[in-house]
Every structure is written in structure tokens, then in C-alpha cells.
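Since the structure comes first, as C-alpha cells, the remarks are kept for the end.
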Amino acid sequence: MAAGAGNFFEDFRAGQVLHHAPPRTLTVGDAALYTALYGARFALQSSTEFARSLGFAESPLDDLLVFHTVFGKTVPEVSLNAIANLGYADCRFLKPVFAGDTLSARTEVLGSRENANRESGIVYVRSTGFNQRGEDVLTFARWVMVRKRTKEAEVPPAQVPALPQAVDAASLVLPVKAVLPSTLRRDTGGARFFDDFAKGQRFDHADGMTIEEAEHMIATRLYHNTARVHFNAHTERQGRFGKRIIYGGHVISVARALTYNGLDSALFVTGINAGRHVAPCFAGDTIYTWSEVVDKAQAASSNDWGFLRLRTVATKDRPCAEFPDKQADGTYDPTVILDLDYWVAVPRG
Amino acid sequence: MAAGAGNFFEDFRAGQVLHHAPPRTLTVGDAALYTALYGARFALQSSTEFARSLGFAESPLDDLLVFHTVFGKTVPEVSLNAIANLGYADCRFLKPVFAGDTLSARTEVLGSRENANRESGIVYVRSTGFNQRGEDVLTFARWVMVRKRTKEAEVPPAQVPALPQAVDAASLVLPVKAVLPSTLRRDTGGARFFDDFAKGQRFDHADGMTIEEAEHMIATRLYHNTARVHFNAHTERQGRFGKRIIYGGHVISVARALTYNGLDSALFVTGINAGRHVAPCFAGDTIYTWSEVVDKAQAASSNDWGFLRLRTVATKDRPCAEFPDKQADGTYDPTVILDLDYWVAVPRG
Amino acid sequence: MAAGAGNFFEDFRAGQVLHHAPPRTLTVGDAALYTALYGARFALQSSTEFARSLGFAESPLDDLLVFHTVFGKTVPEVSLNAIANLGYADCRFLKPVFAGDTLSARTEVLGSRENANRESGIVYVRSTGFNQRGEDVLTFARWVMVRKRTKEAEVPPAQVPALPQAVDAASLVLPVKAVLPSTLRRDTGGARFFDDFAKGQRFDHADGMTIEEAEHMIATRLYHNTARVHFNAHTERQGRFGKRIIYGGHVISVARALTYNGLDSALFVTGINAGRHVAPCFAGDTIYTWSEVVDKAQAASSNDWGFLRLRTVATKDRPCAEFPDKQADGTYDPTVILDLDYWVAVPRG
């Protein structure tokens, strides 16, 4: 018998709740690997002393490490037979996660719609990660194109959920209330703080980072993400691209780490509005990024913090001094691989 | 002077006890790397909360991480001049190991027998790992073909120890007595529990995993394993295969991680009966696995746990839907690289 | 705007103090990665129990991990626009660093001198790492050739600091006073202790280790070192060598780990007199090493410890049985890539 075959399109029903195994305890070991894989330098996750000055007992784990861990948990039941991960919506980070916390995940099926060719369909789900105390730490919706086991299989009636275009700033959770002590401003890098940012401002993050096969597989296994396209060179040689595809979340983490140049005070990721993997990424590609400040919002719970809505665009093998983007005809510059719309929390400084 | 030249065949004497340096403290950092290198998802090692529910203070470290650490310690004195690692026998895991424990190892020479060509011989040893309290945590026998320093060197009379074909289930140590709470059944993955397994049952574990040079070297250094064939592309280019050979234990860990699909409740490895590295494994190879339930035994110390004797076969670049195996003429299918016979502990669930 | 462009030659002024962000808390996760990347086997860093027997609460972190962390912090402000890292002097390890400590760094500009071509110049700096209690843990001088932003830019008058040719043994800090218990002699490897070494003694460390792209990038990101030449295959394809260059400190750590064969009792690195990266190192190169005992000095603070001044030479793709070195004409054997002059602390044993 073949084990771990995963769900196919016809197996999903709106309202169904999927539980994902196993729970995963994250430690300082995972945090060190995260640093080693991406080189993230944000002060809050880099320095326990800095975190303490903001009232934490120690550094929270990187928000995206939490995201990848919860996402990875969902793969065996949600996207093992996925053709493509089509989009994210309404992703909110609800509570910081610390070394020693154990994360579990559940997924509710929001709806589904068969494709016209009857060979696959789109499944809409909301996944939620929670800690050992049962507290939700992260929630996000995503939609995925999933293969059918057989073309003939009966499927439920189409049901497409309404998902928000963006997370309302008022629903973002600011995980801290403390003022950043002025003596610690420079520990962030200190290039600029909340009041220094303006809508429309754009940053070329300058650095490029090349991704190796070993790196993205080490990362993706760390997240218990079992999607075959990332690990199996033997079958992917016959696949769509002739090679392994890098987990989209790996590219997101590379991009976030590169934004430190210019956005060093963006200490938390608090929400993801939308994310599009415009083109696949492969080992050997060099990732560059640029960002635009799309919106600003004062945090409701603290006068000393605000939220920036950012759009970060990642390219491969093209520096971003000219901000490669969508073109006049609505298609992207061919070097663009990621278009990520998200919220970060920034101290007033 | 050349340092660290290791022992040659003529240096080994039955009864001799070799001490291996240095001791090695394992931490959550090592555990995170183990996860990142293999993607193992067994609930006990993945979740501290799950481990607590079985009465542990925290997750024990992966049994095979303990094996590799003890094995690695023995390499400088036992197998630095090995031509081949021929086999394992009577491997028993005696006590769980936790982050913070320090492992040391000693090896007793059981016997030796020169080869007819007088250029090498087979050395039989038993290695034992023990923790900082002097408690044995692991013991195993192995036999290795080792070069002579010079063909003329005098050697001791042949002495071949009797080694068991398999570990008797009665001598296996079950490191836990607690019942798995029914609320945690699904946290293992929950595909099946002890009573759901039957002798002769076979599982195609479906997934394949490609190994990179950086990965197996990172792993093998983590284990302080200094065997030159794994690290030195410069000399291996002139070697038997023209390239670095992957540490056999790395393949065992990849195989074990892949068996999660189907055997997710196999929470402990408790013994290894025999292991054969049928063919060498190289970077770029994609590992697939299948397993057969060879035997079942009720645990003596708990009605709530049983032992499964498994045979896991790993192939390279061939999926295992057809269970590639030994052929009619006694030789293996050419894609088979590992044939591992071992015991796992499984809760009744 | 382009972010994180770094300082150019004309930006440096003698007396200027640069603060580096962010602080970095090192953990057992970083220590595990260090082991996995280099395979270092020195007993003090490998075993908490061994460290306790010398009076430490736990293992100090590897001295070179501390060096790389402090060095990495300085890159964004000191050497982002460096053409070459020319040398080190007067490097002293002042205090051991433990998992949980947070390291920060500051750099004083000692002087600078424009090159005749007016396109670049040499900047002399002293960088100091300190822990969360403000205690200095490491100090070193280095000089770097840095590009000018524009040839026309005005520069300060030339000012070249006097730097010592070597660290005086009397100024080395011995971080321990305890006698090595004789029962622990063999845990170091025990090949030889302080009194067994003699000036002029040479060791061929025998093993070779091949470096992969993923490995040096994982290491260098772990150190927050952002020098572009290590990470960006896309631009380096057009660069001087047509490929990424491995961080020189990575080669130093590989070399130090390889010296365990012969120098296993060299438990601490206490100072670096001088270091020359004779030739660049690239992924795929296999590193070999040999060492010479240049000097010996009794530790002032303990009769049970002494210092060895070592010269370790690393080659690529050439074993060191013949001790490849500087040649009669003063140039190096073409396989030599590193010539490191440093002090280690060794127990009398």
C-alpha cells in the first residue's frame, strides 16, 4: 500500500476541519538555523537584550519562522497534490511565539470550485496555528489548485468564499506596548523610524542572495513541509520545469531578510494582505528586492508604534535599482518572482 | 609528523578497549539540525508537549542521532583506515538521551581475521555509548574491513565472535510505560497503531528525497565522524568511485524519516538487528523507501506498547511502488542501496 | 533610494567610533551549527562536562565563533565596499562567551592612507566585541582596502597606526586557572600536552575538507556578515574571479578544526598575531593544513597552562605531508591560501 498519498480535490468539503500532525516545538536551534539560512538581522529577533528592553522575557521567534512552521504542518492534508499555491489572504500574526513553544495547526475548508477541465479544482482554506496553551498565534487563508484523483470523481457544488483584499490595520495585533528606549535606537540599525516613512517611498534593498539546493531543502524540512516538488530531483527532472522548485515561503524569507537595508526598524511582520509567486524560483537564482510604502497607520494600542503596509517585490538575477514591476500591459517584468503585500510594526523611535 | 593516522588492522587485539575522545554534549541545536537534515516528523521527538504526555520531562533526542553520535566517536580509532563497513549486529538502545546529556563512547575489540591477500582484514568490535552519569545508552557490534599498514605486519590469530542474527524482542528496552492518551492519537499522524499492523504487511513510503553534498557533510561533521571518504573531494576524485561517498548512517536517517508515511506511530527505534549498505550512495541520488513488518512482539514491561520488527529497504532513483528487493538469484535489484532490519516501539493507541 | 550602501574610503576619519547593529545573542543553536559546519572536536567546546571539570558552568562558545560574530557585525560599516581584507593584528580574546550572551561591537578608526591611483585607500581600524554586561570579549585591529565613492572625493591626510607584529604572550588572557584533572587527559584526545611540544615541531594534520557553496553561505549569514562577494553569484560571475569568494574566516575555522589531529589539547585560541589570506578560496576547493610551533610561553596566571604560538598554513587541493610554504623567492607555494600566526592555550596535562 502507498502511504501518505494526501487529499485530492474531491476529498475537500466546505466546513470540514483538518487536524495536522505532529505538533512542533520550536527552539533556539530552529532560530539559529533560521538566521543561518536567511541572514535576517532585525534586532528584536537577533538580541535577547533588545527584546527584554521592550518587555519580552526573551526574543520572540521570527514571525516568518512561525508562518512556515504552521504552513508546513498543513501541507500533508492540504497541498500534497497541489498543482499550484495560488494565493494568500487575511494572514494575521496574533501572538508572539518563543523558543520552547509547541505549535499545532488546524485547517477549515472554506469552499472549492472544480476547474472546467474536471482534472483539478481550487480549494479555499483557512489555517490557524496555536500554541501549547491553545492560544491562536497565526491565521491565514490560502487557495490552492489541487489535482483530482480521477476525472470522473464527483465533487461538491462550487462555493467560493469572500476573502478580504487586505487586512484592515485596525485588526492587526501589536505584540508590544513599550516605547523603544532611545539608547536602543541605533541597535536596530537606526536608519529610520515610523515618522521617517512616507507613503509612496521606495527602497532598493541593494543586496542579492543566491539560493542553493541544500539551503532550501534544509529550510523546508525544518518546517516539516513535505511538498514533493522541493525535495525530489529524480521526479522533478520529468516535471514541469525539469528541476526542483524552491518553496515560495523560502523566497519570502530571503526577501524579508534583504529588506533590512532600509527597513531595519520593521521589527514585526503583523499581517500579510496578499502574496503572489509570480514565477518559480530555482537553485542558482540570485534574489534581489525592492519595497514601496503603500500605507501607514497609527497603532491603536500604542502611540509609540505604527504599522507600515509594504509591497516587497523580489526579482531573480536582476538588481532592483530600477524597481522592476508590473508593466503597462499588466504583466510583470520577466525577472519578478514575488509580489508580497504585508504589514509590519515599526517603533516611533 | 602526520597526525591522526588511526589504527591499522594489525593494531587491533581481541579484548582491547579503545576510548574515544572527545565527549559530546547534545543540545536542542543538534536536534534542530537533525530535523532540518532529514525532516523527521515522529511526534515524540517533534513535540515536547507530546513527550510530556508520555511522562518524559521533554522530548528525547532522536534515537538515530544518538547512534550517529556514538558511531562517529568510534571512527578515529576503529574505522579511519577502513575499506568498508561490513555490518552491524545486536544494536540496542538502552536509555533515552535528552538535550544537555553528554555522550562518550568506548569500544571493545571482539576479534579479527586477516584477509587471504594479507593486505587487510576484518575487525569485529562492540561499541557502547554512555552518558555523563556513566549509564550506557546504546550498544552495538559492527565489523569493518581495515587496511594493514604493511602487508608484512604480524597479525593476531583469527578470532571471529559469535554475533546474534537478530536482537531478541525480550532484550529490547521500552523507554516508556505510559499509555498514549487517546486525545494524542492523532498527533502522531494516527494512521495506525500496534494492533493495526500485521506480519507481512508492506508499505511504500512514497516520497523521495535527493541528497546534496553540503547536507551529508554537515550531518557527518555534526556527528564528529571523520571518515575521509565523506569530506574530501580532492582525494576521492582518484578513489574507487571518483567522488565522495555518503555516510551510510545518513542514508539510514533519510530512510527512517521517509517511513513516517505509514509508520508514523513508530515512536522509538529500540534495536537494529542487521544493516547492509548494499550499494554506495552519492550526492544527487534520490532516496525512496519501502518497509515490511517482519515480526511483532508484545512489550514485556507494558501492555500498552508493542515492538515491530521492520525491514526497510531504500533505493536510489527508483520509486518503491513495486517493492524492489532481492531477486531470485539472491542479488539485489540494482537500485537497492540499504537493507535495514530493526525494531521499533509502537503504542497500542 | 539605495539602502545599505556602506562607507567609502573618504568617509573614514581617524578617531571616529562606529557602532554596529544589531546586537547578536548566541545560543546552543549557533554552537551546533558551528560544529556542523567545521566538525571542530576540541573537548572544551564539545563537552559541557569537560568544561565543568575546568570550573566553567558550561562550555564556552568556540573562540572563532565569537571572532566571526564580532567581525560580521563590523562589515556593514567597515568593509562593505572593501576590495580586499589585507591583514589582522593584535587580536586578543579577553573573556569567554557562553550560550545566551549577547555580543555587540564597536570600531575605532585608527587611520587611513589613500592609494596612489586615488580610486581607493587603506583604512586601519580596531574593532572590539563586548557582552551584555559591557565587558570586552575580543579586540582586534585590521586593515582593509576600501573603494572611494568618487576619485575626486577629498580625503584626510595619511595616518598609519603602529601595530604590533605579534601579541606579547604576557598580554594574553588565560580564561581558566584549574588544573586539567588527569582522568580527563584522554578526553581531549590526549595526543600531547604543553610539555610535549617543542619549538620548531611541525604537524601535518592529514585530513582534507572540501567546501560547498551552501556551507560557506550558511556560515557567513550566521555571522551576519553581509559582504556581497560571498552571497551573490549573479554579480560575482562578472567579478574578479567569476564566482563567489569564500569568507576568509570560514577558511580559518576549517583550518582550526583540522588541526585537532596533533593539536587536540589546544583548548583555547587566545590571540591572533597576524593572518594572511594568501589566495582566495572557492566552493569545491579541498582544504588541507599543517602547523609549526613557533614559540612557547608559560602562562603567568597558572603553572598548569602554557601558550603555544602556532603558524598554521592551509592549502587547497594539496595534502601537507611536504609542508608547502613560502618559497626561496619569498612567494608562496601556489597551493597555499592561508598563513595564520596565533596563540593557543594548552594544559600541562
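FYI, side chains are in, hydrogens and waters are out, and symmetry mates aren't considered; it's all heavy atoms of this structure. Reminder, nothing fancy here: chain letters follow the sequence lines and each chain counts from 1.
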[X] to [Y] - nearest heavy-atom pair and separation:
X	Y	value
B/R228	C/A206	NH2-CB, 4.3 Å
C/A32	B/L222	O-CD1, 3.7 Å
B/L33	C/A36	CD1-CB, 3.8 Å

Which atoms of [X] approach chain B - backbone, side chain, both or neither, heavy atom under 4.5 Å:
X	value
C/T48	both
C/Y38	backbone
C/A40	backbone

Straight-line distance of [X] [atom1] to [Y] [atom2], nearest 0.5 Å:
X	Y	atom1	atom2	result
C/D187	B/H20	CG	NE2	12.0 Å
B/H216	C/E212	NE2	CD	7.5 Å
B/H230	C/T210	NE2	OG1	13.0 Å
C/N261	B/T226	CG	OG1	7.0 Å
B/E236	C/T286	CD	OG1	10.0 Å
B/R237	C/D317	CZ	CG	6.0 Å

(request) Count the heavy atoms of every other residue, nucleotide or ligand shown that sit under 6.0 Å from NZ of B/K95, and state whether that count exceeds 12. (result) no
(message) Does any backbone or side-chain atom of B/H224 lie under 4.5 Å from a heavy atom of chain C? Answer side chain, backbone, both or neither.
(response) both
(request) Could you look at B/T235 and say if it's the side chain, the backbone, both or neither that has a heavy atom under 4.5 Å from chain C? (result) both
(request) Could you have a look at C/F42, C/Y260, C/Y288 and say which one has the most heavy-atom pairs with chain B under 4.5 angstrom? (result) C/Y288
(request) Could you check which of C/A99, C/G208, C/S59 has the highest count of heavy-atom pairs closer than 4.5 Å to chain B? (result) C/G208
(request) Tell me the residues of residues 21-30 of chain B whose non-hydrogen atoms fall below 4.5 Å from those of chain C, in number order. (result) B/A21, B/P22, B/P23, B/R24, B/T25, B/T27, B/V28, B/G29, B/D30
Heavy-atom check, side chain of [X] versus side chain of [Y], under 4.5 Å:
X	Y	result
B/S104	C/E49	no
C/F50	B/T102	no
C/M209	B/R221	yes

